[in-house]
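Here's the structure we're looking at; comments come further down.
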Number of protein chains: 2
Amino acid sequence: MRLTRAGEYGIRCVLHLARHGKGTLVSRKEIAVRTDVPTHFLAKIAQQLSRAGIIEILQGANGGYRLLADPSEITLLSVIEAIIGEISLNDCVGRPESCHNSTLCSVHRIWNKANQQLRATLQETDFATLASEDACCLTPFPEADGHNRPIEKK
Amino acid sequence: MRLTRAGEYGIRCVLHLARHGKGTLVSRKEIAVRTDVPTHFLAKIAQQLSRAGIIEILQGANGGYRLLADPSEITLLSVIEAIIGEISLNDCVGRPESCHNSTLCSVHRIWNKANQQLRATLQETDFATLASEDACCLTPFPEADGHNRPIEKK
DNA sequence: CGATATAAGACTAAATATATCTTATATATC
DNA sequence: GATATATAAGATATATTTAGTCTTATATCG
Ligand code: SF4
Ligand code: SF4
């Protein structure tokens, strides 16, 4: 009953992009370092976010990721579900056919209710709000010009 | 983000016992067959329910399980958490020290809120209500005298 | 072209979930 | 006390999921 790391990392990634605003290109490396996510793992997560239409991926030198929508339009729920699929607290919520009793089951109804409630809470939250309220995900953002600059030369 | 099978099975077990009422002894085998749970798996789950003080286990011939409290006193939350531990939607909810940023993190606050909401919903639900609303968990209960009788001779 | 950065997917390792099996122990009944 | 029955406790096995890494290919800039 907990979020996977991939899901958590996806949120961090979008949140970091949200702090730069819609359309600003940020390198994978910077995101990875700033949000403490393994670089190659981030690559996979980004691909899922890309398929979901949340970010755009630019290849090549000076490539990176950028948000396709304004942070205020992106909900926590959409990011999470882009990574881990639709939230389902019990198997029978997402796949009622997995239990032949689901049409009669009183517990099933509770799960449906709780599941809907949870999804609603996550949908109410957008990334503009998240980005504005305090710092999240590690080191404060040092430069204010929105330019993508590596933190440290290697 | 979903309940384990052990958790689901624990609920079925308590629900079946709830249909017999507090204190009625029901054999492990009957519960296992009626709720479609592997017998030996049920044994482990029952031990966890026993440690949590929800059921009592009686050994020996004609042994079995019985509820220690009235079904109306037993919440869905208590049964679930007896099996899978305290619900924590994200790692940082249950262990804030797992992320050094949790005190500042805006996402963390959302998780805390959602987690508390979910637990509240599950706590509002008791097993007397669940048992009274429609049938759950497989075959209807054939005899009404509360007597523990095997379904089929083997 | 050469340097840089991501894409895509194979691969590995670890953790967890699920289930079974074996030996021990407790109780009722004869 | 002997026997049959039922659960206890824990070791073991298997499958699935999660988490992370590595390799090769591709795209873009200068
Ligand atoms: S018994 Fe009820 S709660 Fe459990 S899986 Fe079936 S429908 Fe869902
Ligand atoms: S970044 Fe925020 S939400 Fe993510 S683990 Fe840390 S405290 Fe929790």
Side-chain angles (χ1 to χ4, degrees), chain A residues 1-13 17 25-33 35-52 55-66 80 83-85 87-88 90-91 94-95 98 148-151 153-154, chain B residues 1-13 17 25-33 35-52 55-66 80 83-85 88 90-91 94-95 98-99 148-151 153-154:
Chain A
M1 201 80 85
R2 61 171 250 285
L3 188 68
T4 61
R5 260 173 199 277
E8 162 69 21
Y9 292 162
I11 295 168
R12 291 189 195 180
C13 171
L17 288 170
L25 190 64
V26 184
S27 76
R28 181 177 70 180
K29 168 117 192 194
E30 177 187 321
I31 300 172
V33 171
T35 60
D36 197 23
V37 173
T39 314
H40 285 56
F41 202 178
L42 179 57
K44 276 184 143 175
I45 293 163
Q47 284 160 33
Q48 292 180 275
L49 291 172
S50 165
R51 264 177 242 127
I55 68 170
E56 185 183 25
I57 299 176
L58 297 188
Q59 288 197 43
N62 304 331
Y65 308 146
R66 69 174 157 211
I80 292 171
I83 307 292
I84 67 169
I87 286 177
S88 172
N90 196 356
D91 234 44
R95 305 192 358 256
S98 71
N148 167 23
R149 191 190 308 155
I151 292 178
K153 279 288 185 209
K154 188 182 138 195
Chain B
M1 202 78 88
R2 63 172 250 285
L3 188 68
T4 62
R5 256 169 203 278
E8 162 70 20
Y9 291 163
I11 296 169
R12 291 190 196 178
C13 172
L17 287 171
L25 190 65
V26 185
S27 76
R28 180 177 71 180
K29 168 116 191 192
E30 177 187 321
I31 300 171
V33 171
T35 61
D36 196 23
V37 173
T39 315
H40 286 55
F41 202 177
L42 178 57
K44 278 186 138 174
I45 293 164
Q47 284 158 34
Q48 292 178 275
L49 292 172
S50 165
R51 266 178 242 127
I55 68 171
E56 186 183 25
I57 299 177
L58 297 189
Q59 287 198 43
N62 304 331
Y65 308 144
R66 69 174 156 211
I80 292 171
I83 307 292
I84 67 169
S88 172
N90 196 355
D91 233 43
R95 304 194 356 257
S98 72
C99 181
N148 168 23
R149 193 189 310 155
I151 292 177
K153 280 288 184 207
K154 188 180 139 197

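Values reported hereafter were calculated over all heavy atoms of this structure, with side chains retained and with hydrogens, waters and symmetry mates removed. In what follows, chains carry the letters A, B, and so on, assigned in the order in which the sequence lines appear, proteins first and then strands, with residues in each chain numbered from 1.
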[X] has a side chain; which of [options] sits nearest to it?
{"X": "A:F41", "options": "D:dA19, D:dT23, D:dA8", "answer": "D:dA19"}
{"X": "B:R2", "options": "D:dG30, C:dT18, C:dT22", "answer": "C:dT18"}
{"X": "A:R28", "options": "D:dG20, C:dT27, C:dT6", "answer": "C:dT6"}
{"X": "B:I57", "options": "D:dT5, D:dG20, D:dA8", "answer": "D:dA8"}
{"X": "A:Q47", "options": "C:dA8, C:dA19, C:dA17", "answer": "C:dA8"}
{"X": "A:Q59", "options": "D:dT7, D:dT26, D:dT21", "answer": "D:dT26"}
{"X": "B:A61", "options": "C:dT18, C:dT27, D:dA19", "answer": "C:dT27"}

Applying a 4.0 Å non-hydrogen cut-off, can you work out what B:A6 is touching in the nucleic acid: base, sugar-phosphate, or nothing? sugar-phosphate
Considering every strand and a 4.0 Å limit on heavy-atom distances, what is the contact class for B:R5: base, sugar-phosphate, or nothing? sugar-phosphate
Student check: side-chain heavy atoms of [X] and [Y] closer than 4.5 Å:
{"X": "B:L3", "Y": "B:I83", "value": "no"}
{"X": "A:L42", "Y": "A:Y9", "value": "no"}
{"X": "A:C13", "Y": "A:L49", "value": "yes"}
{"X": "A:L17", "Y": "A:I55", "value": "yes"}

Toward the 5' end of DNA chain C, which comes first, A:H40 or A:M1, by nearest nucleotide? A:H40
Taking only N and O in the side chain of A:Y9, is any of them less than 4.0 Å away from OP1 or OP2 of D:dG20? yes
Any side-chain N or O of B:Y65 under 4.0 Å from OP1/OP2 of D:dA8? yes
Which nucleotide, in any strand shown, forms a Watson-Crick or G-U wobble pair with C:dC30, with both distances under 3.5 Å? D:dG1
Is there a donor and acceptor pair closer than 3.5 Å between the side chain of A:K44 and the base of C:dG9? no
